[in-house]
Amino acid sequence: MNTTKKIGLIGFGVVGEGVFKVISSNKDLKVQIEKIAIKNPSKKRDAPAELFTTDVNDILLDSRIDTIVELIDDDEAAYFIVKQALIHKKNVVTANKKMLAIHLSELIQLQKANKVSLLYEAAVCGSIPILRNLEEYYNNDLLQSIYGIVNGSTNYILTQMTEKNVCYQQALQQAQLEGFAESNPTLDVEGFDAQNKLVLLLKHTFGIKALPTQIIRKGICSISSEDLQYAKEKEFQIKLIAKAYFNQLGYVVAYVMPQFIDKESPLCTIRNEYNGILIESTLADQQFLSGKGAGRYPTTSAVLSDISALQYGYQYEYKKASNVNTPTVRQNEIIEVYVSWKGQTAIDSALFIEIDTYFKSKEFCFLTGKINLATMDSLIACQKFSVVEMPFRPLQKVAPEILLEKNVYEPLLMDS
Ligand code: HSE
């Protein structure tokens, strides 16, 4: 059914205004914006005044409006609006990864019960069509890992620091000015945004229902110029990486952490606000998707793609979820890291299973070694330590024959 979608737009910020501009300048889209809900009526906006309302009920209770496009940064307000919209049998397109990561299960139920669609391609990796690909294209192939740069702001900051010697604060300010960063940039730099996106990726890649708090997270705030220098000497780049993979025991491991990326990896070429995702599947092997992960128009492109998909009644089906016995994400995994610190701070070497290198000077110290991911938490909690995972070693793939013989997801994921 290809009818004109009547949209209630919630929010007129960086992306909301982008969506409005593109829709109002393209009459072929079969999309009409009926109303726009905003918080502050006194702000000057480049759109007809009669479209704006400060009462979200003017949209939720308007029976002409069949679709809500929710683009605000307040996750609690967004949750209320999206929930009400689904209850009022309106489709929802949203980019609010934090709200989705916390409330996804409930919202999926509401979508089903009310026979409408909840789409959120713009919530993960901006313009890269990752979620619909995971849902549709990779539906017949068992995915073994998903691994990538999912936050544009941190990649922008690290690129500017590495290539232009810009200091952290200045690079962050620039990311804010460009409209890449969240209103509260702590969400970006401390890895919360990547953690929320990884929750959504876990759902669409493996059918795993996780909460953000179950995923170990380390951001980029403590990366120092010495760490960048170390990376340069080794010809590595530092990137904030979100990853989820089957380990050799058949458990899914997922975490967010800065990582050294070597020249051979396609992720090494991903600069500034670009994102990149490596997908490893049992049959197709490795594939790589990249594109702009933040910013007004790249995000608008994903929102518009969802609106177009609504015109043929598209819904995520969450087919993988039905095979999975709600496993937990495992933190019992040994990883290899570089940890650095300055001054008198003492590191507890007993935390490490093995130490490979230990460098100590008056000003700066680092070590490299193996540590259990769960043990990492105490180091992560202490901002004095900078943690970077050592370069990615290709995972030993679980052989297709082994997986084909099994009822793939369920037996592999049951926690013993
Ligand atoms: N702040 C986010 C980022 C916006 O930098 O990736 C896009 O989700």
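All ligand and atom numbering here is 1-based and tracks the order in the structure.
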With respect to Ala123, determine whether any N or O atom, backbone or side chain, lies less than 3.5 Å from an N or O atom of ligand 1. no
Is Ala122 in polar range of ligand 1, meaning some N or O pair under 3.5 Å apart? no
Ion pair [X]/[Y], N-O distance below 4.0 Å:
| X | Y | result |
| --- | --- | --- |
| Lys83 | Glu106 | yes |
| Lys90 | Glu70 | no |
| Glu163 | Arg271 | yes |
| Arg132 | Asp306 | yes |

Relative to the ring of Tyr338, is the ring of Phe260 parallel (under 30°), tilted (30 to 60°) or perpendicular (over 60°)? perpendicular
Identify, by atom number and element, the atoms of ligand 1 in contact range of [X], meaning under 4.0 Å from any of its heavy atoms.
| X | value |
| --- | --- |
| Asn151 | 2 (C), 3 (C), 5 (O), 6 (O) |
| Glu182 | 1 (N), 2 (C), 4 (C) |
| Lys197 | 2 (C), 3 (C), 6 (O), 7 (C), 8 (O) |

Side chains of Thr53 and Asp55: any donor to acceptor distance under 3.5 Å? no
Check contact between Gly293 and ligand 1, using heavy atoms of the residue and a distance below 4.0 angstrom. yes
Under 4.0 Å, counting heavy atoms only: does Lys97 come that close to any atom of ligand 1? yes
Contact region, Asp188 to ligand 1, non-hydrogen atoms below 4.0 Å, reads side chain
Ligand 1 contact on Glu273 by region, counting heavy-atom pairs under 4.0 Å: neither
Ser25 (side chain) donor-acceptor with Val22 (main chain) under 3.5 angstrom: yes
When you measure from atom 6 (O) of ligand 1 to every protein heavy atom, which one gives the shortest distance, and what is it? Gly152 N, 2.7 Å
Atom 5 (O) of ligand 1: closest protein heavy atom, distance to 0.1 Å, is Ser153 OG, 2.6 Å
Is there a side-chain contact between Glu226 and Glu363, using heavy atoms and a 4.5 Å cut-off? no
